[in-house]
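Quick caveat: nothing in here was measured; it's all calculated off a predicted structure. Residue numbering restarts at 1 for every chain, and letters A, B, ... go by the order of the sequence lines.
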Number of protein chains: 4
Amino acid sequence: MNTFGNNWRFTSFGESHGRAIGGVLDGVPAGLKIDFALIRKELDRRSGKPDTQSCPKGAEGVSQRALREPDEVEWLSGVLDGVTLGTPIAFIIRNQDARPEDYDYLKHHYRPGHADKVYELKYGIRDWRGGGRASARETAGRVVAGCLAKQVLRSKGIIIKARLVQVGTENDPSKFDELIHAVRAEGDSIGGIIECRISGVPTGTGEPIFDKLQAHLAFAIMSINGCKGFDYGYGFAGVGLPGSQANKESGGISGGIADGSDIVFRCVFKPTPSTPKAGVKGRHDACIAVRAVPVVEAMTALCIQNIVNS
Amino acid sequence: MNTFGNNWRFTSFGESHGRAIGGVLDGVPAGLKIDFALIRKELDRRSGKPDTQSCPKGAEGVSQRALREPDEVEWLSGVLDGVTLGTPIAFIIRNQDARPEDYDYLKHHYRPGHADKVYELKYGIRDWRGGGRASARETAGRVVAGCLAKQVLRSKGIIIKARLVQVGTENDPSKFDELIHAVRAEGDSIGGIIECRISGVPTGTGEPIFDKLQAHLAFAIMSINGCKGFDYGYGFAGVGLPGSQANKESGGISGGIADGSDIVFRCVFKPTPSTPKAGVKGRHDACIAVRAVPVVEAMTALCIQNIVNS
Amino acid sequence: MNTFGNNWRFTSFGESHGRAIGGVLDGVPAGLKIDFALIRKELDRRSGKPDTQSCPKGAEGVSQRALREPDEVEWLSGVLDGVTLGTPIAFIIRNQDARPEDYDYLKHHYRPGHADKVYELKYGIRDWRGGGRASARETAGRVVAGCLAKQVLRSKGIIIKARLVQVGTENDPSKFDELIHAVRAEGDSIGGIIECRISGVPTGTGEPIFDKLQAHLAFAIMSINGCKGFDYGYGFAGVGLPGSQANKESGGISGGIADGSDIVFRCVFKPTPSTPKAGVKGRHDACIAVRAVPVVEAMTALCIQNIVNS
Amino acid sequence: MNTFGNNWRFTSFGESHGRAIGGVLDGVPAGLKIDFALIRKELDRRSGKPDTQSCPKGAEGVSQRALREPDEVEWLSGVLDGVTLGTPIAFIIRNQDARPEDYDYLKHHYRPGHADKVYELKYGIRDWRGGGRASARETAGRVVAGCLAKQVLRSKGIIIKARLVQVGTENDPSKFDELIHAVRAEGDSIGGIIECRISGVPTGTGEPIFDKLQAHLAFAIMSINGCKGFDYGYGFAGVGLPGSQANKESGGISGGIADGSDIVFRCVFKPTPSTPKAGVKGRHDACIAVRAVPVVEAMTALCIQNIVNS
């Protein structure tokens with residue numbers, strides 16, 4: 001349904017054209033002083049504010065709405081004077097650019113995406129509905145919840161850091177910004193690969209059979225819109241190595257359990273299909289992988305904190 | 001812990017050097033006539049019986065023990081006259097090659113694997129223990145449970161079929177057997193990629209936010225020993241395609257929800273590190289991806305049946 | 001934690017002295033036209049509005065705050081034009097009588113209850129905190145969520161009806177109002193027994209081993225503040241009957257499974273300990289069982305809908 | 001389904017007329033030296049061996065089969081040299097008095113109980129099936145798993161002790177044995193009340209909203225066959241007390257959370273309906289509450305250990 005995790009449990013709600021999106025985070029210990037500056041920074045990275053981006057030119061392409069939404073977080077419960085109470089934390093981010101009471105407005109403003117047809121089949125005739133929920137806007141809630149997880153993890157010495165390592169077939173980061181800029185100028189889009197490094201996970205974290213650490217990470221990351229693959233250690237790229245040479249890099253996990261070295265995984269994001277070249281007007285994300293970086297960090301944090309919190 | 005799924009719930013138990021391995025499968029409907037021949041065939045594929053393999057020469061390399069174990073399934077509950085009762089199905093596969101009461105025997109026969117160190121750290125000093133549970137032998141239970149899931153899925157028109165599509169950098173299947181044979185002759189090992197196709201999943205299966213169909217598949221597949229990556233649709237290989245060309249192949253899932261076309265995913269298995277070339281004596285699996293094929297099918301079946309059973 | 005149910009999942013949040021209390025309800029089907037009048041009526045019953053009570057004089061005693069709070073429900077997501085969207089429904093009820101930003105105010109207004117000491121031990125030094133969450137005010141969210149469950153159940157022919165059947169040792173309902181009135185006049189309080197009848201539950205609902213229908217009902221009802229016991233069928237009162245006479249009344253459940261007859265259970269609520277007679281000034285609930293009736297119905301509805309929704 | 005608990009997870013399987021009943025217990029720490037004598041004693045109490053009973057004459061009435069079954073526990077996994085390995089513990093108790101392969105035998109030997117009709121409706125035409133699973137024999141597995149929980153709890157200073165406190169309307173224990181003996185002589189049966197005392201539960205155990213300690217205890221106890229009610233503290237009996245006098249006994253739980261004093265609850269068991277007086281031939285349990293005592297202790301132990309293990 002709409003809940004991630006058991007011990008550090010995040011429930012997400014809200015339609016992108018409704019009154020607000022938000023979430024409830026249960027399992028946060030009492031006494032955590034929330035780092036609001038971190039949340040502000042991560043939300044701005046997610047919405048593509050240029051000065052927060054590693055690819056500022058590439059970010060030119062992001063949708064107008066993402067930039068127009070102030071993404072102010074309103075804390076409804078679980079927090080007092082900026083400190084957590086140990087009770088469930090509910091928060092909302094109001095949608096500025098929405099008139100939820102106006103059904104006609106919604107019908108008018110709903111731009112069918114590629115998940116349109118399946119949502120219509122799953123939920124019925126109101127085609128704008130799934131889009132309202134499936135929108136990338138839903139990831140803002142993940143980022144807020146992930147920031148709290150990051151804070152708790154940081155206090156335990158666990159650091160999560162993701163970065164873009166490939167755009168299209170290019171893997172020299174100094175060339176990413178120009179490349180995305182050029183792709184956007186052509187009205188096209190391009191895929192990308194994000195690498196994420198987790199340091200400080202205690203040796204022994206994870207379970208040996210079904211609940212392997214890599215299985216939980218894959219679940220968390222593959223739940224992000226647009227993500228088409230996950231690997232760790234030598235991964236897909238290492239398939240050609242002979243066993244006699246492939247033995248050195250564990251990716252930080254052995255037999256499903258953290259082995260004390262840094263955990264390193266990668267994930268791939270497809271190019272946006274809705275581009276001017278494909279006949280869809282308006283601004284677009286030339287490379288959604290750019291804005292996915294903070295979301296990958298957030299889901300990694302929620303996943304790891306859910307496991308170490310048990 | 002040791003349970004996979006909620007609605008079609010498989011609990012695994014047993015040490016490879018203990019009395020038996022086995023499992024309990026809960027949620028199987030009453031009245032299913034168990035296809036014992038299918039289970040026999042899949043267990044033989046898993047243990048590497050040559051006549052069941054697409055790469056019979058490659059299979060020469062499998063461990064003696066896998067071939068020596070008859071893998072006879074004993075049904076303890078939930079089945080009468082070969083028909084399911086609707087109650088939990090418990091089954092065991094006795095370990096022939098084990099003397100569980102003899103602690104010294106175990107200490108002697110436990111060959112440290114690569115997960116050895118982390119298990120020791122996680123569970124304490126008895127280093128043979130984790131190995132007993134983490135052994136590839138544990139996958140026999142998954143195959144039995146997966147066969148029942150396959151049967152139920154088949155009755156709903158859902159077919160799961162996995163096959164080896166790459167060995168090392170070779171992707172011509174007619175060359176796989178010789179390649180693995182050669183690698184084994186050198187005392188080395190090699191990785192491989194398995195592709196799995198699922199046809200007949202009803203449109204609308206899956207959930208749009210966290211419980212995306214691809215996230216659950218990734219979780220199921222990444223829980224298999226030796227699996228280092230999962231992707232679907234264009235996946236990692238498609239990262240270089242421009243969005244204007246990348247729009248045709250969905251991989252069968254759109255926005256987390258089955259779109260009615262075949263679901264196609266891939267997973268990569270690393271080369272076995274314990275090879276003669278690496279100084280580990282004895283026979284070995286030159287390409288574990290060969291024997292992983294029925295396990296990939298089994299976990300796919302458990303995953304899909306768990307979702308459509310809800 | 002703060003979630004009830006799996007398939008029809010209610011997550012509760014909010015402190016009674018914070019900005020708002022509320023909840024997220026996941027699993028509600030699309031297309032349900034919400035019966036706002038039912039919600040209004042049930043919230044008023046819960047808060048003790050005299051004209052909604054079976055014991056209007058008894059209700060005189062309820063706390064001023066309960067009556068002063070308008071309990072207006074604000075729907076944040078999952079609803080459009082009064083119709084559910086199939087997505088998670090988040091709602092809040094703002095606390096009028098609260099200044100959440102003012103820590104001193106909170107310290108001042110927190111009247112230590114009997115759970116005070118254990119909360120302090122569990123959560124730390126801020127003694128007002130647990131009270132904020134444990135307050136009876138939290139049950140307003142249960143009532144809202146329960147009303148939606150009732151609506152869905154009603155459409156399936158399942159009707160839930162609770163009523164007060166005993167106050168102290170009195171079991172003639174026509175005498176309850178005067179009795180409670182008299183108890184209140186003495187500055188004392190009194191316990192009560194509520195009986196709940198559920199009709200229309202399909203035969204076969206429930207599971208035979210751990211997840212017996214009566215076990216889930218007991219869990220739901222015993223989670224209400226002040227409830228000290230649950231029984232069904234002949235229950236505690238029938239302990240003296242010989243087996244030869246005790247065979248007729250099943251309470252609607254046999255072997256953990258609904259047998260098609262009405263399910264009838266009882267639950268007992270203790271007298272409020274914080275009374276003028278006990279030295280606690282101010283108005284008080286002379287018989288909390290009166291206002292517990294709609295909460296018992298709500299938890300019953302959440303429980304039954306969670307089971308039949310699976 | 002057939003699993004109790006999350007962190008200390010017991011999965012039950014087996015039909016009473018099948019090959020074996022048994023269970024899998026997941027979450028047991030490594031290094032526990034199993035107290036086999038305790039398990040032997042508790043299984044004998046459950047099956048009614050006279051020398052283990054507080055009511056030896058009353059026990060005369062128990063069914064022949066319960067006494068004839070040796071209830072030998074066979075440990076399949078998770079245990080070596082009598083010490084737990086930290087892996088899932090699977091065990092079975094073979095049914096001596098069963099010929100599972102013989103369908104006609106089963107049809108012949110299945111004596112329809114009172115849950116017969118609902119099982120037939122739930123599972124289909126094979127009427128003996130539900131009975132096979134629902135039989136009181138299933139509680140043997142609970143007792144084995146409960147003994148391991150008791151051991152772990154004992155090591156933490158948590159002691160669970162249940163006893164019969166009422167038979168029919170009689171609450172003088174010295175009179176129970178004669179009373180049950182007399183009831184049996186008349187071919188009738190009688191109900192009883194068991195009181196259970198849990199000492200040593202750490203203050204703060206339990207959760208304040210839905211997962212209250214009393215709610216989980218009620219769920220565990222109400223899942224026992226024949227149990228018709230649960231209360232704690234003053235419970236149903238205290239409904240007549242004025243609040244000014246009812247304040248002293250918390251039952252060990254305040255606001256859902258253990259307060260450090262002994263937790264005391266009661267549960268009521270109905271009289272067996274299948275008696276000679278009701279026309280059902282053969283020996284019978286004149287008071288099932290007698291043999292329910294170790295099952296109440298077992299479920300209490302599983303419940304508490306599941307909570308403190310989280």
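Neither the backbone nor the side chain of D:E186 comes within contact range of chain C, judged by heavy atoms closer than 4.5 Å. Contact annotation for D:I221: neither backbone nor side-chain heavy atoms come within less than 4.5 Å of a heavy atom of chain C. Only the backbone of D:A258 comes within contact range of chain C, with heavy atoms under 4.5 Å apart. Both the backbone and the side chain of D:N2 have a heavy atom closer than 4.5 Å to some heavy atom of chain C. The contact between C:L241 and chain D is made entirely by backbone atoms, counting heavy-atom distances below 4.5 Å. For chain C, the nearby parts of D:K228 are the backbone and the side chain; heavy atoms of each come within less than 4.5 Å. Looking at D:F10, the atoms closer than 4.5 Å to chain C (heavy atoms on both sides) sit in the backbone and in the side chain alike.
For the atom pair D:I224 CD1 and D:C267 SG, the distance stands at 6.0 Å (nearest 0.5 Å). Remark: C:E138 CD to D:I209 CD1 distance equals 4.0 Å, nearest 0.5 Å. Residue C:H216 holds its NE2 atom at 9.5 Å from OG of D:S223, rounded to the nearest 0.5 Å. If you take OG1 on C:T300 and CD1 on C:I263, they are separated by 10.0 Å, rounding to the nearest 0.5 Å.
Under the 3.5 Å distance criterion, the side-chain polar atoms of C:D262 are left unmatched by any main-chain donor or acceptor of C:G252. Using a distance-only test at 3.5 Å, with no hydrogens or angles considered, a donor-acceptor pair links the side chain of C:N306 to the main chain of C:W8. A donor-acceptor pair is defined here as one N or O able to donate and one able to accept, closer than 3.5 Å; such a pair exists between the side chain of C:Q166 and the backbone of C:G168.
The most heavy-atom pairs under 4.5 Å with chain C, out of D:G240, D:P271, D:A215, D:G233, come from D:A215. Comparing C:Y232, C:F269, C:F236 by heavy-atom pairs within less than 4.5 Å of chain D, the highest count is held by C:F236. Top candidate by heavy-atom pairs under 4.5 Å with chain C, chosen from D:I190, D:I193, D:L213, is D:I193. The candidate from C:D211, C:T169, C:I253, C:D188 with the greatest count of non-hydrogen atom pairs under 4.5 Å with chain D is C:D188. Chain C forms more heavy-atom pairs under 4.5 Å with one residue of D:G235, D:G229, D:P202 than with any other, namely D:G229. Heavy-atom pairs under 4.5 Å with chain D were tallied for C:R142, C:M1, C:E170, C:K277; the largest tally goes to C:R142.
Judged as a salt bridge (charged side-chain N to carboxylate O under 4.0 Å, His left out), not a single pair has a partner in residues 237-246 of chain D (not counting sequence neighbours).
In this structure, C:F4 and D:F210 have tilted ring planes: the angle between them lies in the 30° to 60° band.
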